[in-house]
Amino acid sequence: MRHKGLVLAGVALLAGAGMLLVQAETHESHEHHEHHEHHGSHRSQQARDRGTPQDAQPAVAQYKRPKQLTVPADAPQAWMTECGSCHMAYPPGLLPPKAWEQHMNTLSSHYGSDASLDPAEEQQIRDFLLLVSSNNRLPVEGSVSADAQPRITETRWFQRRHDEVSEAKFARESVGGAGNCVACHRNAERGSFGKVKIPR
């Protein structure tokens with residue numbers, strides 16, 4: 001009987017310790033939650049004070065180029081001809097729709113050249129670019145003005161993927177600049193950037 005009483009006392013003691021532990025953890029969790037809310041509220045207030053939205057810069061985990069860059073087989077001939085006559089026809093998924101809108105709205109001053117199109121062709125190319133780039137939800141980056149259109153090479157994705165490529169390599173005659181993707185990515189116009197070989 002005495003042994004049974006000792007066992008019950010031990011169980012009660014352990015149960016009491018467990019309750020204290022749970023209370024301590026609950027209190028700590030509550031304090032952490034309050035600190036987190038306060039910290040988030042403080043950051044929100046700072047963002048409001050600066051007049052900038054909290055999500056002005058996307059989180060690193062969200063900052064990803066769309067996996068699907070393949071150019072549709074039924075891409076309009078006007079796009080391949082008109083956009084590929086002076087440079088490679090860039091896969092639309094490399095830029096978000098708003099960036100392509102900016103390009104199409106400033107064709108009369110396209111990187112210093114007049115690239116104006118017949119209205120019907122312009123609409124066909126615009127519709128194609130906006131449709132195929134719709135999965136790219138990244139922000140428009142770089143300089144955007146009447147005479148400065150969005151550049152793929154100014155996106156953080158591009159710069160992060162090419163951070164080990166020196167300016168000297170981009171400047172090689174065989175490469176022809178950072179925007180000439182096909183020099184190092186042979187299948188770039190089809191939307192494939194897996195195989196890389198920098199020409200000498």
Side-chain angles (χ1 to χ4, degrees), residues 44 47-48 50-163 165 170 176-196:
S44 299
R48 286 193 295 270
R50 290 195 305 267
T52 57
Q54 281 181 278
D55 58 349
Q57 296 298 329
V60 174
Q62 297 174 336
Y63 196 89
K64 293 181 179 179
R65 169 187 60 76
K67 293 180 180 178
Q68 183 62 29
L69 282 176
T70 305
V71 176
D74 60 349
Q77 185 61 45
W79 170 72
M80 292 186 283
T81 302
E82 296 296 339
C83 299
S85 60
C86 298
H87 52 72
M88 68 168 278
Y90 295 104
L94 287 172
L95 287 175
K98 285 184 178 180
W100 290 119
E101 278 278 18
Q102 177 68 13
H103 279 297
M104 297 306 295
N105 291 340
T106 56
L107 288 176
S108 61
S109 180
H110 188 68
Y111 299 112
S113 300
D114 185 353
S116 299
L117 298 169
D118 170 86
E121 284 186 331
E122 180 183 326
Q123 191 60 53
Q124 184 184 27
I125 293 172
R126 183 189 296 267
D127 292 344
F128 168 72
L129 292 172
L130 298 185
L131 175 64
V132 180
S133 68
S134 60
N135 287 330
N136 187 326
R137 294 180 173 83
L138 300 181
V140 177
E141 299 179 280
S143 302
V144 180
S145 64
D147 57 353
Q149 290 80 27
R151 292 178 180 270
I152 295 168
T153 55
E154 290 183 355
T155 64
R156 279 172 286 171
W157 169 79
F158 180 93
Q159 292 171 358
R160 186 167 65 243
R161 296 289 294 182
H162 298 82
D163 61 352
V165 182
F170 279 133
N180 189 29
C181 306
V182 291
C184 304
H185 306 273
R186 301 296 179 180
N187 297 316
E189 288 186 294
R190 295 203 295 267
S192 175
F193 294 84
K195 294 182 180 179
V196 183

| message | Can you confirm whether Q102 sits close enough to V140 that some side-chain heavy atom of one is under 4.5 Å from a side-chain heavy atom of the other? | response | no

| Can you tell if the side chain of L138 reaches within under 4.5 Å of the side chain of T155, non-hydrogen atoms only? |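 Not in contact.
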
I'd like to know if the side chain of [X] and the backbone of [Y] have a donor-acceptor N/O pair within less than 3.5 Å.
| X | Y | result |
| --- | --- | --- |
| Y90 | C181 | no |
| W79 | F128 | no |
| H110 | T106 | no |

| Closest approach of Q149 to S109 (non-hydrogen atoms, all atoms of both residues) |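 The pair with the smallest heavy-atom distance is NE2-O, 2.8 Å.
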
| query | Which heavy atom of N136 sits nearest a heavy atom of L95, and at what distance? | reply |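 For N136 versus L95, the nearest heavy atoms are ND2-C, 3.3 Å.
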
| task | With side chain to side chain contact (heavy atoms under 4.5 Å, CB included) as the test, would you mind laying out the steps for E141 and R156 before giving the verdict? | result | CA-CA 8 Å; E141 299 179 280; R156 279 172 286 171; 2.6 Å; yes

| request: Only counting residues at least two apart or in another chain, list the ones meeting side chain to side chain donor-acceptor pair (under 3.5 Å) with R190. | output: N187

To the nearest 0.5 Å, what is the distance between [atom1] ([X]) and [atom2] ([Y])?
| X | Y | atom1 | atom2 | value |
| --- | --- | --- | --- | --- |
| S133 | L69 | OG | CG | 11.0 Å |
| L107 | L117 | CG | CG | 5.5 Å |
| W100 | L131 | CH2 | CG | 13.5 Å |

| query | Would you call R126 and E101 a salt bridge, using N to O less than 4.0 angstrom? | reply |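 Looking at R126 and E101, the cut-off is met.
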
| Angle class for the W157/F193 ring planes (parallel below 30°, perpendicular above 60°, tilted otherwise)? | perpendicular

| said: Which label fits H162 and H185: parallel for a plane angle under 30°, tilted from 30 to 60°, or perpendicular past 60°? | reply: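 It falls in the perpendicular class, over 60°.
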
| Polar side chain donor-acceptor pair, Q159 to D163, under 3.5 angstrom | no

| remark: By side chain to side chain contact (heavy atoms under 4.5 Å, CB included), T81 pairs with (sequence neighbours left out) Q77

| request: Take R151 and Y111 through the test side chain to side chain contact (heavy atoms under 4.5 Å, CB included) and record every step on the way to the result. | output: CA-CA 10 Å; R151 292 178 180 270; Y111 299 112; 3.3 Å; yes

